[in-house]
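For reference, the structure is listed below as structure tokens.
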Amino acid sequence: MRRVDRTFFLDDAVTVARQLPGMEIVMETGEKAGRYMITETEAYLGDGDRACHASKGRTRRTEPMYMEGGHLYIYFVYGMHWMLNVVTGSADYPQAVLIRGVSQFSGPGRVTRGLGIDGSFNREDLSSSGRIWIEESGYRPELDAGPRIGIGYAGEPWVSMPWRFITRNENGK
DNA sequence: AGCAAGATCGGT
DNA sequence: CCGATCTTGCTG
């Protein structure tokens with residue numbers, strides 16, 4: 001189909017996180033080139049959301065989350081995994097959607113390893129990049145929603161907010 | 001300068 | 001359940 005334009009990413013993170021499953025990440029880089037259907041996402045809702053990195057304030061690391069929707073926020077955790085996030089909303093409203101799974105890979109660390117995504121993709125613009133973008137597939141999967149993974153430190157009510165979205169059927173293939 | 005914890009994963 | 005592995009952000 002065609003590349004999703006910037007306006008799609010200007011909505012809030014929960015809305016975008018619910019629409020991304022079923023869409024495809026297109027990689028235009030050498031050996032990892034291909035189409036990867038998104039199967040799992042999580043929304044991080046700004047500086048009021050204690051699970052969101054931006055709740056600690058604007059720092060060198062979280063700066064990309066303050067960019068206009070449609071850019072990438074990539075960061076490194078546990079000394080070995082890159083996390084792929086799509087920034088949403090207008091500039092200065094730090095929100096992002098974590099890509100937790102695509103059809104071929106389950107788990108955010110496996111996604112980036114499988115697609116060859118690293119820190120060089122931080123701040124990449126999905127609306128103009130020549131190596132990564134998102135396209136509609138026309139497919140609208142049934143979704144299940146539940147609490148986000150690995151954010152126990154956030155406490156209530158954030159730890160319980162149902163902001164994780166996962167395709168009901170084609171998961172983990 | 002030092003330290004604790006982390007939006008994880010893979011092996012026991 | 002625990003260790004790997006290293007960046008980040010806070011404390012002093």
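Every chain is numbered from 1, with letters handed out A, B, ... down the list of sequences. Because the structure is predicted, anything quoted here is derived from the model rather than measured.
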Checklist entry - Quick one: on DNA chain B, does A:F76 or A:R110 contact a more 5' nucleotide (nearest heavy atom)? => result A:F76
Checklist entry - Could you state the OH-P distance from A:Y153 to B:dT8, rounded to the nearest angstrom? => result 8 Å
Item to check | Length of the CZ-P vector between A:R61 and C:dC6, whole Å | outcome: 16 Å
Item to check | Closest to side chain of A:T62, choosing from C:dG9, B:dT8, B:dG10 | outcome: C:dG9
Item to check | Atom-to-atom span, CE of A:M83 to P of B:dA5 - whole angstrom | outcome: 20 Å
Checklist entry - Which of the following nucleotides, B:dA7, C:dG9, B:dT8, is nearest to the side chain of A:I149? => result B:dT8
Checklist outcome for this item: In whole angstroms, the gap separating P of B:dA7 from CD1 of A:I74 amounts to 15 Å
Checklist entry - Within 45° of the axis and under 6.0 Å from the centre of the six-membered ring of A:F105, does NZ or CZ of A:R113 qualify? => result no
Next on the checklist: With a 4.0 Å limit, can you tell me whether A:Y78 has a side-chain N or O closer than that to the phosphate oxygens OP1/OP2 of B:dA7?
Outcome noted: no
Item to check | Partner nucleotide of C:dA4 by Watson-Crick or wobble geometry (both distances under 3.5 Å) | outcome: B:dT8
Checklist entry - Does a donor on one side chain and an acceptor on the other come within less than 3.5 Å for A:W133 and A:E135? => result yes
Item to check | Geometric class of the A:F76/A:W82 ring pair [parallel <30°, tilted 30-60°, perpendicular >60°] | outcome: tilted
Next on the checklist: Can you confirm whether the side chains of A:E124 and A:S129 place a donor and an acceptor under 3.5 Å from each other?
Outcome noted: yes
Checklist entry - What nucleotide among B:dT8, B:dA7, C:dC6 has an atom nearest to a side-chain atom of A:L98? => result B:dA7
Checklist entry - So, is A:H53 close to the B:dA7 phosphate, meaning a side-chain N or O under 4.0 Å from OP1 or OP2? => result yes
Item to check | Atom-to-atom span, OH of A:Y75 to C1' of B:dG6 - whole angstrom | outcome: 9 Å
Checklist entry - For C:dG9, what is the paired nucleotide under Watson-Crick or G-U wobble rules, both distances under 3.5 Å? => result B:dC3
Checklist entry - Does A:R100 place a side-chain N or O at less than 4.0 Å from the phosphate oxygens OP1/OP2 of B:dT8? => result yes
Checklist entry - 5'-most contact on DNA chain B: A:G79 or A:V111, nearest heavy atom basis? => result A:G79
Next on the checklist: Under 4.0 Å, counting only non-hydrogen atoms across every strand here, what does A:M80 touch: a base, just sugar-phosphate, or nothing?
Outcome noted: base
Checklist entry - So what does A:R113 touch, heavy atoms closer than 4.0 Å: a base, only the sugar-phosphate, or nothing? => result sugar-phosphate
Next on the checklist: Less than 6.0 angstrom from the centroid, inside 45 degrees of the normal: does A:R61 satisfy that with respect to the ring of A:Y75?
Outcome noted: yes
Item to check | Geometric cation-pi criterion A:R148 and A:Y44, 6.0 Å radius, 45° cone | outcome: yes
Next on the checklist: Expressed as a whole number of angstroms, how long is the span from A:Y44:OH to B:dG6:C1'?
Outcome noted: 12 Å
Checklist outcome for this item: In whole angstroms, the gap separating P of B:dA7 from CD1 of A:I117 amounts to 19 Å
Checklist outcome for this item: Among the nucleotides B:dC9, C:dG9, B:dA7, whichever has the atom closest to the side chain of A:T59 is C:dG9
Checklist entry - Please give, in whole Å, the distance from C:dT7 P to A:K56 NZ? => result 18 Å
